[in-house]
Visitor: 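So that we are looking at the same thing, I have put the structure below in structure tokens.
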Amino acid sequence: MCGIVGYVGHRQAERVLVGGLRKLEYRGYDSAGLATISEGRVEVRRAVGKLDNLETLLDAEPLSGSVGMGHTRWATHGRPSERNAHPHRAGDVVVIHNGIIENYVQLREELAAAGCVLCSDTDTEVIGHLIEGGRKSGKSLADATRGAIARLRGSFAIVVISSGEPDRLIAAKNATPVVVGLGQGENLVASDIPALLDYTRDVLFLEDGEMAEVTADSVRLSTFDGRVVERAARRITWDPVTAQKGGYKHFLLKEIHEQPTAIIDTLRGRLDQDAASVTLGELEGLEKDIAALEHVTIVACGTAWHAALIGRYAIERLVRLPVDVDYGSEYRYRDPIIDSRTLMIVVSQSGETADTLAAVEAAHERGAKVLAVCNVLDSSIARKADYVLYTHAGPEISVASTKAFTTQLAAFYLLAVWMGRRRGALAAAEEARYVQALAELPLLVEGALKEEEAIARVARQLSGVSDVLYLGRGVNFPVALEGALKLKEISYIHAEGYPSGEMKHGPIALIDEQMPVVVIIPTDEVYEKTLSNLKEVESRGGRILSVTDDADAELARISEWVVPVPRTDSLLMPMILAVPLQLLAYYVAVERGSDVDQPRNLAKSVTVE
Ligand code: F6R
């Protein structure tokens with residue numbers, strides 16, 4: 001993870017770098033740091049915690065100079081502290097890094113034996129010392145960086161500056177993103193496009209195994225083995241939407257409430273209500289291959305993986321193709337059996353998740369085409385995939401995913417209907433029925449939001465518990481997983497999602513009078529079965545919170561709390577049922593006083609494996 005930014009030009013670097021870091025703080029907020037070159041010296045400022053702390057330090061001790069770098073950290077090696085914050089200095093060399101150096105222990109030992117004094121617990125620091133070693137033997141900064149890189153194993157995006165060559169910075173990339181921004185008399189590098197857009201719209205994306213030597217007037221790309229790379233710049237035509245809280249106390253609450261609009265944006269232009277059909281112009285190229293497909297593999301992480309599980313139901317039911325779903329972090333270490341008859345679908349809000357990105361590469365190596373369901377335009381995954389179905393959810397600032405999840409579901413429903421028709425598995429009348437039902441979803445989600453006050457009251461009663469079990473069946477089992485994940489990550493309460501029918505195979509042992517059980521129980525084909533599972537909870541004294549579209553007398557009797565939601569086709573219900581669970585997690589977290597938008601230990605974009 002971590003965000004990196006570098007600047008060479010005619011402005012005060014400090015301001016440019018802090019502005020860039022603001023846009024990158026979603027990548028980590030354990031510490032932040034800046035280094036600039038001024039009057040032939042490199043000056044470094046670092047502070048633990050969020051960027052605000054660094055800004056306070058810079059107010060007291062500003063940095064001058066027009067060449068510099070900035071870093072916002074998500075700690076991997078070494079706990080969050082000032083000494084582990086980037087930039088790291090080694091002699092006249094200063095380095096920042098995003099990624100993991102896997103052989104750093106061996107390199108540390110080697111450097112220490114050679115007399116280097118290592119001042120941090122990080123894997124990054126070795127990079128600076130290796131470069132410094134090269135500099136001492138007379139190499140240029142670029143060549144010394146090249147030499148150091150040859151010793152590294154792992155993933156890295158690095159930026160290096162040195163007072164010995166004060167007019168430039170070096171950036172290098174292997175498996176984590178670096179984008180170069182081309183300005184007039186100034187150039188920048190960053191982990192992500194929005195950090196550059198105040199200064200330029202012309203960018204170059206570094207590929208793995210490449211580095212950039214950047215001065216105010218020039219950018220030279222080359223491979224790690226020294227071959228010059230020529231690449232045309234790309235123009236970024238979209239504007240980053242600056243998200244404001246808009247009167248809400250937290251971004252999370254705002255994003256929960258934005259869901260009806262976000263879902264409209266996902267559906268916009270893709271539902272033709274007159275023709276009663278789904279149109280996905282961006283997937284035109286895929287159309288001719290659909291008949292030959294034999295298999296679909298969906299890969300994602302976290303909340304996106306929960307959306308993928310629901311996507312599997314939709315594709316199996318409407319397209320009648322076998323689907324398997326895997327975690328990005330697991331998939332990359334299997335020896336998956338896929339080929340050109342498999343469609344891989346990757347799901348990622350950020351488009352930067354390292355494990356999901358690696359799955360794209362694995363699919364391509366085996367000849368499979370990749371379709372990305374993605375929110376962030378021009379992100380690494382969007383650029384690598386063969387087809388992209390953007391969710392258009394708008395910026396999701398809060399670390400916990402909410403509108404990204406429901407819009408991913410909307411994208412899956414669209415895709416399943418579209419593919420189902422093209423494979424002949426879905427009749428026109430069924431397509432028409434789904435088009436109608438999809439068009440109604442935003443209003444139904446709006447309806448689910450109306451229960452907010454009641455949910456806040458329940459949250460007050462639940463905020464003191466230490467464990468919660470979430471149960472769901474069929475297409476709503478992933479909703480249980482998602483509800484539990486939301487609660488865990490923002491309230492720090494232990495929660496587990498289980499298929500209702502699995503409860504008696506183990507978790508039922510946990511149930512007593514202290515144990516709330518949240519059950520997702522719409523009146524679908526498995527309602528009766530889930531109700532039976534709840535009776536098992538009731539007879540063991542568990543406290544039941546039911547989320548349902550229609551509580552019959554028996555469900556009402558055994559539930560301590562009932563949260564009603566609107567009803568639609570059972571396949572589409574997860575989108576509506578997820579909403580009260582998001583609100584519940586939010587209000588429990590608020591009650592417990594946690595940092596709702598930036599929960600401890602997390603980052604919005606997970607760019608390390
Ligand atoms: C949970 C959450 C994470 C992400 C996961 C994948 O609320 O946000 O679990 O869903 O890190 O991120 P993306 O979708 O960016 O690949």
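Residues: numbered from 1 along the sequence shown. Only heavy atoms go into these numbers, but all of them, side chains included; no hydrogens, no water, no symmetry mates.
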Visitor: Relative to the ring of Y586, is the ring of H250 parallel (under 30°), tilted (30 to 60°) or perpendicular (over 60°)?
Guide: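 H250 vs Y586 ring planes: perpendicular.
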Visitor: What distance separates L57 CG from R45 CZ, expressed to the nearest 0.5 Å?
Guide: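 Result: 6.5 Å between the selected atoms.
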Visitor: Which is it for R83 and E125 under the salt bridge (Lys or Arg N to Asp or Glu O under 4.0 Å) test, yes or no, and what are the steps along the way?
Guide: CA-CA 11 Å; R83 68 193 278 270; E125 199 184 352; over 6 Å; no
Visitor: Kindly compute the distance separating CG (L21) from OG (S191), expressed to the nearest 0.5 Å.
Guide: 9.0 Å
Visitor: State plainly whether the residues R600 and D595 are in salt-bridge range, i.e. N to O under 4.0 Å.
Guide: no
Visitor: If you look at every heavy atom in L252 and V596, which pair is closest and at what distance?
Guide: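 What the structure gives for the nearest pair is CD2-CG1, 3.6 Å.
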Visitor: Does the side chain of L130 reach to within under 4.5 Å of the side chain of L111, using non-hydrogen atoms?
Guide: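 Of all side-chain heavy-atom pairs linking L111 with L130, at least one is under 4.5 Å.
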Visitor: Could you tell me which residues satisfy ring-ring contact (aromatic ring centres under 6.0 Å, His included) with Y327, sequence neighbours excluded, listed by chain and number?
Guide: W305
Visitor: Does one side chain, of Y387 or E282, offer a donor that lies under 3.5 Å from an acceptor on the other?
Guide: no
Visitor: Which pairs, with at least one residue in residues 13-32 and sequence neighbours excluded, count as a ring pair (Phe, Tyr, Trp, His ring centres under 6.0 Å)?
Guide: none
Visitor: Considering only NZ, NE, NH1 and NH2 on the basic side and carboxylate oxygens on the acidic side, decide whether D202 and R234 come within less than 4.0 Å.
Guide: no
Visitor: Give a yes or no on whether the backbone of E352 and the side-chain of S379 come within a donor-acceptor separation of less than 3.5 Å.
Guide: no
Visitor: Do Q582 and T402 have side-chain N/O donor and acceptor atoms under 3.5 Å apart?
Guide: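 Q582 vs T402: no donor-acceptor pair found between side chains.
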Visitor: To the nearest 0.5 angstrom, please state how far the CD1 atom of I158 sits from the CE atom of M211.
Guide: 8.0 Å
Visitor: Once ring pair (Phe, Tyr, Trp, His ring centres under 6.0 Å) is applied, what residue pairs with a partner in residues 89-143 remain, sequence neighbours excluded?
Guide: H77-Y104
Visitor: Look at E82 together with R46 and state whether they make a salt bridge at an N to O cut-off of under 4.0 Å.
Guide: yes
Visitor: Looking at E213 and R168, is any side-chain nitrogen of the basic one under 4.0 Å from a carboxylate oxygen of the acidic one?
Guide: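 Salt bridge: yes.
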Visitor: Is any side-chain heavy atom of F156 less than 4.5 Å from a side-chain heavy atom of I149?
Guide: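 With C-beta onward as the side chain, the pair touches.
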Visitor: Is it the case that the side chains of N375 and T391 hold a donor-acceptor pair, with the cut-off being a distance below 3.5 Å and no angle test?
Guide: yes
Visitor: Considering non-hydrogen atoms only, spot the tightest contact between K384 and H364 and give its length.
Guide: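 Closest approach of K384 to H364: O-CE1, 3.0 Å.
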Visitor: If we only count heavy atoms from C-beta on, is the L107 to L152 side-chain gap below 4.5 Å?
Guide: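 With C-beta onward as the side chain, the pair touches.
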Visitor: With a 4.0 Å cut-off, would you call D597 and K249 a salt bridge?
Guide: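 A salt bridge is absent here (no side-chain N lies under 4.0 Å from a carboxylate O).
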Visitor: Begin from the C-alpha positions of D121 and R108 and carry the test salt bridge (Lys or Arg N to Asp or Glu O under 4.0 Å) through to its verdict.
Guide: CA-CA 10 Å; D121 311 312; R108 271 181 85 93; 5.2 Å; no
Visitor: Side chains of Y248 and I256: does their closest heavy-atom pair fall under 4.5 Å?
Guide: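 When only atoms from C-beta onward are counted, I256 and Y248 do not touch, as no gap falls below 4.5 Å.
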Visitor: Quick check: does any side chain N or O of T407 sit under 3.5 Å from a backbone N or O of A262, one acting as donor and the other as acceptor?
Guide: no
